[in-house]
Trainee: 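First the structure, then my questions, so here it is.
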Amino acid sequence: MTTGTTFLGLGAMGSALATATLDGGAPAVVWNRNPDRARALAERGPTVAATVEEAIAGDGPIVVCLFDHRSVHDVLDPVAAGLAGRTVINLTTTTPRESRELAGWAADRGITYLDGAIMAVPQMIGRPGSAIFYSGSAAAFERHRPLLDRWGGSVYFGPDAGMASLNDMAMLVGMYAMFAGFLHGAAMLATDGVPATEFAERQAPFLAAMAGQLAGFAATVDAKDYAGAGQQSLEFTEAALAALLRTSADQGVDAGVLRPIHDNVRRQIAAGLGGLGTARIFEELRTTR
Ligand code: NDP
């Protein structure tokens, strides 16, 4: 019988997780659909399994890091009977609904399930700055904490298996909106010959400074205190966004990144709310569910 942590999926991320585990001196069993990727890890001394059945034959936790929700079912469904009584730690990116579906699937089969969402790129795994969100089985989170902590800071969001993913998705909304905003700005400057690299040197510290505003917005949202003193009004923000849209048009740049925010603010002004604070964008977003 093979012992140690089982890793199913050795793409860029699965390989990084397995490598950090092996480099920490812990035994591991690895499997990948394309066996070449398992062979690439061989010099670090894992047990390389030829099949999923062989990979799960031991008694350690089973770490799953595959492409998506579908591929998790593709790999686990055929061996579900052999997983009863075992712990599956699924680090594949899934939506909250998919994570909850997998938790229910596992519960029906006597499998302990811990869902994870990785807040890092493969090169960061096992290094400072890497964090992984978890939710699902509290017992599994506690029991396997030494393993989880090899990969990065471990944050537990409670027994609802969807909460790690929901927090992940919320974090990524901010990230993608920021990236898109940066690329929009870079496109505006490119029209007049400014290289994106030059812009990035100015944009990065500015965005870092602006991130300091988030706590204030959050306090306003949680208190629903949009009429409180010292807030930038929706009317002020509308004028600023309108200037950005006009400049984008003048530079020949599509303003699709910003237009929905402008529309959100204008709807509120039309409803007579223009004197309230800009953080009220939050309330308008929630009404479109
Ligand atoms: P890769 O594309 O490098 O690897 C995908 C893995 O999934 C491979 O091992 C692939 O096997 C396997 N796979 C895909 N479909 C199937 C299937 N139907 N049956 C069996 N195996 C399958 O992706 P990553 O390793 O980068 O990402 C893995 C997960 O980690 C994803 O959910 C991703 O969102 C998440 N993640 C990745 C981050 C990153 O920066 N890379 C950051 C945060 C999360 P094969 O080699 O045979 O094709």
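Only heavy atoms go into these numbers, but all of them, side chains included; no hydrogens, no water, no symmetry mates. When a ligand or atom number is given, it counts from 1 through the structure's own listing order. Quick note: residue numbers are just sequence positions, from 1.
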Trainee: Taking only residues two or more places apart in sequence or in another chain, which ones pass salt bridge (charged side-chain N to carboxylate O under 4.0 Å, His left out) with Arg109?
Mentor: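 Arg109 satisfies salt bridge (charged side-chain N to carboxylate O under 4.0 Å, His left out) with no other residue.
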Trainee: Main chain of Ala138, side chain of Tyr156: is a donor-acceptor contact present, judged purely on distance under 3.5 Å?
Mentor: yes
Trainee: With a 4.5 Å cut-off on side-chain heavy-atom distances among I, L, V, M, F, W and Y, is there a chain of contacts connecting Val52 to Val72?
Mentor: yes
Trainee: What is the ring orientation for Phe7 with Trp151, classed by angle as parallel under 30°, tilted 30 to 60°, or perpendicular over 60°?
Mentor: perpendicular
Trainee: Around atom 9 (O) of ligand 1, find the nearest protein heavy atom and jot down its residue, atom name and distance.
Mentor: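 Nearest protein contact, heavy atoms only, for atom 9 (O) of ligand 1 is Asn32 OD1, 2.6 Å.
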Trainee: Decide side chain to side chain donor-acceptor pair (under 3.5 Å) for His184 and Ser248; before the verdict, give the C-alpha distance in whole Å, the side-chain angles of both, and the deciding distance to 0.1 Å.
Mentor: CA-CA 9 Å; His184 180 166; Ser248 300; 2.9 Å; yes
Trainee: Using a strict cut-off of 4.0 Å, indicate which atoms of ligand 1 neighbour a heavy atom of Asn34.
Mentor: 46 (O), 47 (O)
Trainee: When you measure from atom 23 (O) of ligand 1 to every protein heavy atom, which one gives the shortest distance, and what is it?
Mentor: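 Scanning the protein heavy atoms, the shortest distance from atom 23 (O) of ligand 1 goes to Ala12 N, 4.5 Å.
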Trainee: To the nearest 0.1 Å, how far is atom 39 (C) of ligand 1 from its closest protein heavy atom, and which atom is that?
Mentor: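 The closest one turns out to be Pro122 CD, 3.6 Å.
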Trainee: Please check this pair: side chain of Asn32 against backbone of Leu10, looking for a donor-acceptor N/O pair closer than 3.5 Å.
Mentor: yes
Trainee: Which other residues end up in the same hydrophobic cluster as Met163, if Ile, Leu, Val, Met, Phe, Trp and Tyr are linked when side-chain heavy atoms come under 4.5 Å apart?
Mentor: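 Met119, Phe133, Val155, Phe157, Leu166, Met171, which link up through side-chain heavy atoms under 4.5 Å apart, make up the rest of the cluster.
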Trainee: Should Val121 be counted as touching ligand 1, given the test is an N or O pair under 3.5 Å?
Mentor: no
Trainee: As an exercise, identify every atom of ligand 1 less than 4.0 angstrom from a heavy atom of Phe67.
Mentor: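 Selected atoms, number and element: 7 (O), 14 (C), 15 (N), 31 (C), 32 (O).
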Trainee: Geometry only, no angles: is Leu91 polar-contacting ligand 1 at N/O separations under 3.5 Å?
Mentor: no
Trainee: I need the atoms of ligand 1 closer than 4.0 Å to a non-hydrogen atom of Ala120, numbered in the order shown.
Mentor: 42 (C), 43 (C)
Trainee: Side chain, backbone, both or neither: which applies to Arg70 and ligand 1 if a contact is any heavy-atom pair less than 4.0 Å apart?
Mentor: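 Neither part.
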Trainee: Decide whether Leu102 and Met13 are clustered together by the hydrophobic rule: side chain heavy atoms of Ile, Leu, Val, Met, Phe, Trp, Tyr closer than 4.5 Å, transitively.
Mentor: no
Trainee: Nearest protein heavy atom to atom 20 (C) of ligand 1, by residue and atom, and its distance?
Mentor: Val75 CG2, 3.4 Å
Trainee: Counting each atom of ligand 1 from 1 as listed, which ones have a heavy atom of Cys65 under 4.0 Å away?
Mentor: 28 (C), 29 (C), 30 (O)
Trainee: Taking heavy atoms and a distance under 4.0 Å, where does Asp74 meet ligand 1: side chain, backbone, both or neither?
Mentor: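 For Asp74, only side-chain atoms sit under 4.0 Å from ligand 1.
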Trainee: Should the pair Trp105 and His73 be assigned to parallel (<30°), tilted (30 to 60°) or perpendicular (>60°) ring geometry?
Mentor: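 Rings of Trp105 and His73: perpendicular, as their planes differ by over 60°.
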Trainee: So which protein heavy atom does atom 29 (C) of ligand 1 come closest to, and at what separation?
Mentor: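 Nearest protein contact, heavy atoms only, for atom 29 (C) of ligand 1 is Leu66 O, 3.1 Å.
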Trainee: Could you tell me whether Asp68 and ligand 1 have an N or O pair separated by under 3.5 Å?
Mentor: no
Trainee: Among all protein heavy atoms, pick the one closest to atom 35 (C) of ligand 1 and tell me residue, atom and distance.
Mentor: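 Atom 35 (C) of ligand 1 sits closest to the protein heavy atom Thr93 OG1, 3.3 Å.
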Trainee: Thinking salt bridges, do Asp250 and Arg246 make one under a 4.0 Å N-O criterion?
Mentor: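 No salt bridge links Asp250 with Arg246.
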Trainee: For atom 1 (P) of ligand 1, which of Gly9, Gly11, Ser71 has the closest heavy atom?
Mentor: Gly11
Trainee: Which of the atoms of ligand 1 are close to Leu10, meaning less than 4.0 Å from one of its heavy atoms?
Mentor: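 Listed by number with element, the hits are 9 (O).
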Trainee: Is a donor on one side and an acceptor on the other found under 3.5 Å between the side chain of Ser130 and the backbone of Ala120?
Mentor: no
Trainee: For atom 25 (O) of ligand 1, which of the options Met13, Arg33, His73 provides the nearest non-hydrogen atom?
Mentor: Met13
Trainee: Looking only at heavy atoms, is any part of Thr92 under 4.0 Å from ligand 1, and if so is it the side chain, the backbone, or both, or is it neither?
Mentor: both
